[in-house]
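Comments concern the structure below.
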Protein chains: 2
Amino acid sequence: MRGRGPWWHDRFQEYGWRITPSREIIMDVLHNTKEHINASDIYIKAHAMNPAIGLTTVYRTLEMLEKTGMVQKFDFGDGMARYELINNPGAKDHHHHLICMNCKRIIDYTEFIDDEIDFIEKTQSKLSKKYNFKIAGHMINFYGLCEQCSKAMA
Amino acid sequence: MRGRGPWWHDRFQEYGWRITPSREIIMDVLHNTKEHINASDIYIKAHAMNPAIGLTTVYRTLEMLEKTGMVQKFDFGDGMARYELINNPGAKDHHHHLICMNCKRIIDYTEFIDDEIDFIEKTQSKLSKKYNFKIAGHMINFYGLCEQCSKAMA
DNA sequence: TTTATTATTGAAAATGGTTTTCATTTGCAA
DNA sequence: TTGCAAATGAAAACCATTTTCAATAATAAA
């Protein structure tokens, strides 16, 4: 019966998780979201598709997905976590972040990613060897003051 | 009158902040903490030195420090933020993180930092030029499953 | 197919880190 | 020394997330 449903059905079965309407919709929302999205926005979208879905289930599903490495959780320090499907074919190109410590603005940049790949792959393989760590993703953030905020402070 | 008090007195005056006993102690705690520390632990240490200090003041001071780039705020997604003085002479050597998505264990690694410096400096100068961003610090995290958790899941 | 088991569910309550309120105190410029 | 805005602590509010609990539904077994 493989290959009949969406790609993630196999992953769910592998972990012994049941395939339920709520989970189908949450996966659908994640799959169709190009950037990192917070739990509340997932809930709003999922709830619009099926009002029976509760926020609790969103949180519970995200926790499962995160713990098995299907989803990456981001915490930029602005009070709510954001989530993104790992290896999502429809996702926005991989990017890193520039975060303003004053106004909390987050700039996603992709410009220099190519230069970074070499570095990341090297580091990743050294780390996973040394610490026996199965690395699924990474996050690179630069912190500072954005143009507006550094002007405002001058 | 420069150079009389601790190094950060100048920074405070520059921003028009008053120098108060609470702030002196909080700066002292931050200065004498080698790793990232959470607000509650800062409060415990500060409160031991002077019971008049409240948790509220700890949070307020950290917010000020973060917004002006004197402190870097870290959020590893385990429910509480951590803080570290930027350019703290007494600090632990700069390090990056390996975070287990399942058990939330955080491994600080320093092994390959030298290889990373070149990459970071290059990226940093390109980014600050392109986005007019004053970069004060960065964070590099790798996410995955630690040895114990990946064994437990097999 | 039917049934039994057990995971999953949503609503509501609880949790806990962080922020706000507010009346009081205090640093510091004049 | 004085005046006043900034800073303070305690308590309350806030709010994202987690837990509780009784009801429901997915799946394996019969």
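First the proteins, then the strands, lettered A, B, ... as listed; each starts at 1. Just so it is clear, the structure is predicted and the values come from calculations on it, not from any experiment.
- Between the CD1 atom of B/Ile37 and the C1' atom of C/dG17 there is a distance of 16 Å, given to the nearest Å.
- The list of ring pair (Phe, Tyr, Trp, His ring centres under 6.0 Å) pairs with a residue in residues 46-65 of chain A, not counting sequence neighbours, reads A/Tyr43-A/His47.
- One interatomic measurement links the two molecules: CD1 of B/Ile25 to C1' of D/dT8, which rounds to 13 Å at whole-angstrom precision.
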Show each protein N/O and nucleotides 20-26 of chain C N/O combination with a separation under 3.5 Å, one pair to a line.
{"unit_1": "C/dT21", "atom_1": "O4", "unit_2": "B/Arg60", "atom_2": "NH1", "d": "3.4"}

Under the salt bridge (charged side-chain N to carboxylate O under 4.0 Å, His left out) criterion, do B/Lys104 and A/Glu66 qualify, and how do the steps go? CA-CA 11 Å; B/Lys104 309 284 185 187; A/Glu66 194 214 343; 3.3 Å; yes
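- The CZ-P distance, from B/Phe76 to C/dG17, rounds to 17 Å in whole Å.
- Going from atom CZ of A/Phe12 over to atom P of D/dA26 covers 14 Å, rounded to whole Å.
- The ring of B/His97 has its center closer than 6.0 angstrom to the ring center of B/Phe76.
- Between the NZ atom of B/Lys67 and the P atom of C/dT19 there is a distance of 10 Å, given to the nearest Å.
- In this structure, B/Asp75 places its CG atom 13 Å from P of C/dG17, rounding to the nearest Å.
- Between the P atom of D/dA7 and the CG atom of B/Leu62 lies a distance of 15 Å, rounded to the nearest Å.
- Between B/Leu55 and B/Trp17, it is B/Leu55 whose nearest contact on DNA chain C lies nearer the 5' terminus.
- Atom CD of A/Gln13 and atom C1' of D/dA26 are 11 Å apart (whole Å).
- Of the possible donor and acceptor atoms, one in the side chain of A/Asn32 sits under 3.5 Å from a partner among the backbone N and O of A/Asp28.
- With rounding to the nearest 0.5 angstrom, the OG1 atom of A/Thr20 is 8.0 Å from the CD1 atom of A/Ile53.
- Considering only the side chain of A/Arg23, C/dT8 comes nearest among C/dC28, C/dT8, D/dT17.
- If you look at A/His94 and A/His138, their ring centroids are closer than 6.0 Å.
- Using a 4.5 Å heavy-atom threshold, the side chains of B/Lys73 and B/Arg82 count as separate.
- Regarding contacts with the backbone of D/dT18, every side-chain N or O of A/Tyr59 stays at 4.0 angstrom or more from both OP1 and OP2.
- Looking at heavy-atom distances under 4.0 Å, B/Ser40 makes no contact with the nucleic acid at all.
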